K.L.:
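Structure below; questions to follow.
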There are 2 protein chains.
Amino acid sequence: MGKKQDYFVGVDLGGTKLLAVVFDEEYTALGRAKEKVAKSRDNEAVLEKMVEVIRDALDDAGAKPEEISAIGIACPGPVDFENGIVLETPNLGLENFPIRDRLSAELDVPVFLENDVNAGTYGEYVSGAGRGFRHIVGLFPGTGLGGGLILDGRLFRGATGGAGEIGHMIIQVDGRRCGCGQYGCLEAMASRTAIAKDLVALATTGSAPTVYKKAGSDYAAMKSSVIEKGWREGEPAVVDLVNRAARHLGIGMANCVNIFNPELIIIGGGLVEKLGAPYIEQAEHAMREHAMGRLVSIVSVKQAELGDDSTVIGAAALAREHQS
Amino acid sequence: MGKKQDYFVGVDLGGTKLLAVVFDEEYTALGRAKEKVAKSRDNEAVLEKMVEVIRDALDDAGAKPEEISAIGIACPGPVDFENGIVLETPNLGLENFPIRDRLSAELDVPVFLENDVNAGTYGEYVSGAGRGFRHIVGLFPGTGLGGGLILDGRLFRGATGGAGEIGHMIIQVDGRRCGCGQYGCLEAMASRTAIAKDLVALATTGSAPTVYKKAGSDYAAMKSSVIEKGWREGEPAVVDLVNRAARHLGIGMANCVNIFNPELIIIGGGLVEKLGAPYIEQAEHAMREHAMGRLVSIVSVKQAELGDDSTVIGAAALAREHQS
């Protein structure tokens with residue numbers, strides 16, 4: 001308490017960008033900085049850039065390093081949060097990097113590390129759509145389908161920090177191939193990827209002209225914005241595929257209702273930001289059709305409110321609580 | 001602490017029987033009593049019989065009513081554990097019965113009410129296969145498929161006490177019809193019921209002669225012991241159906257691994273007691289094939305150890321903890 005200010009920094013180490021935001025105790029953003037990062041497999045280079053981005057964010061906030069109480073880092077892929085080690089980042093190529101202790105030594109501030117989906121769910125819990133709820137399931141369909149769990153008011157991590165892989169819950173035995181190598185995972189049935197796989201084939205048949213015009217039949221070009229375009233134009237093939245994905249998402253939500261008996265399901269991520277309320281309503285409709293009546297009757301469904309900032313807010317909040 | 005002894009009573013109010021067991025502090029059974037109960041929709045008659053069975057169990061234990069510290073009641077179907085109210089028992093026909101307060105007034109002892117699958121999982125946790133583990137998923141395939149969750153060393157109930165309905169996790173969109181009215185629930189794909197549905201049809205074709213000899217094509221007669229008989233005889237059609245159910249159970253287990261990141265999965269219930277280790281090994285094999293490597297590598301699978309007593313032990317243990 002020798003400090004005049006208690007600031008917290010959240011850092012989102014994404015696959016292609018590094019974002020640092022300085023927050024006050026109410027999680028108001030006071031300053032921010034962003035940098036591109038390339039896949040380098042170079043732990044030291046990433047650390048150096050992280051220090052730079054944090055300093056830039058502090059400058060932007062007009063804050064001094066000694067005013068920071070804690071830094072939270074969120075990164076994709078599995079982490080060892082107890083020891084602050086990045087185990088593996090699919091895109092950046094980091095491996096077994098003790099980023100917590102390294103960054104802490106560099107800046108002389110307590111650092112906390114968490115997986116990005118957990119951090120994002122926690123951010124929505126402390127400062128977004130989840131405020132006031134104690135039992136929350138967060139689902140974030142995009143390229144993958146991330147899941148985060150707030151149970152009894154706490155981030156639930158399971159035995160070794162890996163809980164919440166709801167995207168890899170199989171909802172269709174021997175169903176569509178998933179990026180993880182299994183078949184029929186929720187991610188393979190409900191994410192942007194699930195839609196894109198069918199769209200590339202449909203596009204070549206002339207059934208989705210708006211999409212074809214924007215992206216051809218190139219899978220890599222089938223971004224959420226392209227899907228949104230075809231969907232807003234009311235192109236029947238695109239509408240049908242989006243509806244199917246929404247129904248599958250709703251079935252995944254229903255499973256979560258039956259398993260966790262939550263009060264709230266938060267839906268966020270890239271696809272949801274593009275397709276918005278009508279998409280969520282469809283998923284919610286399917287959820288209410290497929291879950292047990294006495295459990296689903298107490299569940300609310302809300303869209304995530306914080307966008308990309310949920311991750312940095314959650315990382316900062318977790319760092320703050322861990323350090324206190 | 002005015003008592004010479006601290007005894008705990010667990011009561012299992014099943015669909016057809018009432019079992020009461022008196023335990024000491026180490027959950028050693030000191031005495032027990034059992035009675036049949038008929039579907040009566042008569043709350044008062046059930047209460048009266050419960051008092052009688054508890055008194056008989058005390059007699060059997062040579063214990064006095066004043067030596068009981070707490071009574072735990074486990075019953076099927078949803079309960080309001082906070083208020084000690086049986087909401088609904090599918091077989092007995094009880095409805096909205098405040099059994100906790102009524103029994104407590106009758107015997108002048110603190111009473112605690114819990115759902116039977118939760119109690120059974122908790123019993124295995126405190127005194128059976130789950131001792132020493134803190135993150136446990138219990139799965140009990142039989143007529144239905146019950147699920148119980150121990151998370152961070154505590155029974156997990158969710159927002160309104162209904163969590164753990166793992167049997168109604170959909171693993172096959174638009175799959176087999178489930179008793180709950182949905183399609184493709186784990187229960188509909190992996191329980192005794194799932195096997196029995198196919199067996200009745202197969203039996204009429206002559207493909208399962210051992211089964212046909214014992215049960216004809218009568219669905220109601222397709223008990224676990226009949227399935228066991230055909231399976232032990234190595235009847236290909238029966239072996240195939242059991243293998244399929246075990247694989248589906250394993251996929252359900254894999255989903256639990258990915259979602260909860262548990263240390264232990266306990267498999268119990270009627271079907272498992274009949275088919276034993278080979279059946280569990282098959283399910284475990286499928287689980288290891290379908291779950292994420294880094295999560296499944298830390299999971300053990302064990303058969304439940306306590307049989308029917310898991311429920312009374314768990315009920316007694318929960319009553320004890322709730323009261324202390």
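Remember, predicted model here, so these are calculated numbers, not experimental data. Naming convention: chains lettered A, B, ... in sequence-line order (proteins, then strands); numbering from 1 in each chain.
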K.L.:
What part of B:Ala254 lies closer than 4.5 angstrom to a heavy atom of chain A: side chain, backbone, both or neither?
P.N.:
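Contact with chain A is absent: no heavy atom of B:Ala254 under 4.5 Å.
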K.L.:
Under 3.5 Å, which donor-acceptor pairs link chain B and chain A? Put them in a table for me, please.
P.N.:
from, atom 1, to, atom 2, distance (Å)
B:Ala159, N, A:Asn261, O, 2.8
B:Ala159, N, A:Asn261, OD1, 3.4
B:Thr160, N, A:Asn261, OD1, 2.8
B:Thr160, OG1, A:Asn261, OD1, 3.1
B:Thr160, OG1, A:Asn261, ND2, 3.0
B:Gly161, N, A:Asn261, OD1, 3.1
B:Gly162, N, A:Asn261, OD1, 2.8
B:Gly164, N, A:Ile259, O, 2.8
B:Glu165, N, A:Asn258, O, 3.0
B:Glu165, OE2, A:Arg294, NH2, 2.8
B:His168, O, A:Asn258, ND2, 3.0
B:Ile170, N, A:Asn255, OD1, 2.7
B:Ile170, O, A:Asn255, ND2, 3.0
B:Ile171, O, A:Gln172, N, 3.2
B:Ile171, O, A:Val173, N, 2.9
B:Gln172, N, A:Ile171, O, 3.2
B:Val173, N, A:Ile171, O, 2.9
B:Asp174, OD1, A:Arg247, NH2, 2.9
B:Asp174, OD2, A:Arg247, NH1, 3.4
B:Gln182, NE2, A:Glu289, O, 2.8
B:Arg247, NH1, A:Asp174, OD2, 3.4
B:Arg247, NH2, A:Asp174, OD1, 2.9
B:Asn255, OD1, A:Ile170, N, 2.7
B:Asn255, ND2, A:Ile170, O, 3.0
B:Asn258, O, A:Glu165, N, 3.0
B:Asn258, ND2, A:His168, O, 3.0
B:Ile259, O, A:Gly164, N, 2.8
B:Asn261, O, A:Ala159, N, 2.8
B:Asn261, OD1, A:Ala159, N, 3.4
B:Asn261, OD1, A:Thr160, N, 2.7
B:Asn261, OD1, A:Thr160, OG1, 3.1
B:Asn261, OD1, A:Gly161, N, 3.1
B:Asn261, OD1, A:Gly162, N, 2.8
B:Asn261, ND2, A:Thr160, OG1, 3.0
B:Glu289, O, A:Gln182, NE2, 2.7
B:Arg294, NH2, A:Glu165, OE2, 2.8

K.L.:
I need the B:Ile251 CD1 to A:Ile171 CD1 distance, nearest 0.5 Å.
P.N.:
13.0 Å
K.L.:
Counting heavy-atom pairs under 4.5 Å to chain B, which of A:Gly164, A:Gly167, A:Gly293, A:Ala291 comes out on top?
P.N.:
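Maximum pair count with chain B is reached by A:Gly164.
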K.L.:
With a 4.5 angstrom heavy-atom cut-off, could you sort out which part of B:Ile298 is near chain A: side chain, backbone, both or neither?
P.N.:
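Side chain only.
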K.L.:
Counting only heavy atoms closer than 4.5 Å, note whether B:Leu149 contacts chain A via side chain, backbone, both or neither.
P.N.:
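Just its side chain gets close to chain A.
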K.L.:
If you count heavy-atom pairs under 4.5 Å between each of A:Val257, A:Ile166, A:Leu295 and chain B, which one has the most?
P.N.:
A:Leu295
K.L.:
Closest approach of A:Pro262 and B:Ala159, non-hydrogen atoms and distance?
P.N.:
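So the two residues come closest at C-CB, 4.3 Å.
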K.L.:
At a heavy-atom separation under 4.5 Å, does B:Phe156 approach chain A through its side chain, its backbone, both, or neither?
P.N.:
side chain
K.L.:
Given heavy-atom pairs under 4.5 angstrom as the criterion, report whether the side chain, backbone, both or neither of B:Ile259 touches chain A.
P.N.:
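Answer is both: backbone and side chain atoms of B:Ile259 are under 4.5 Å from chain A.
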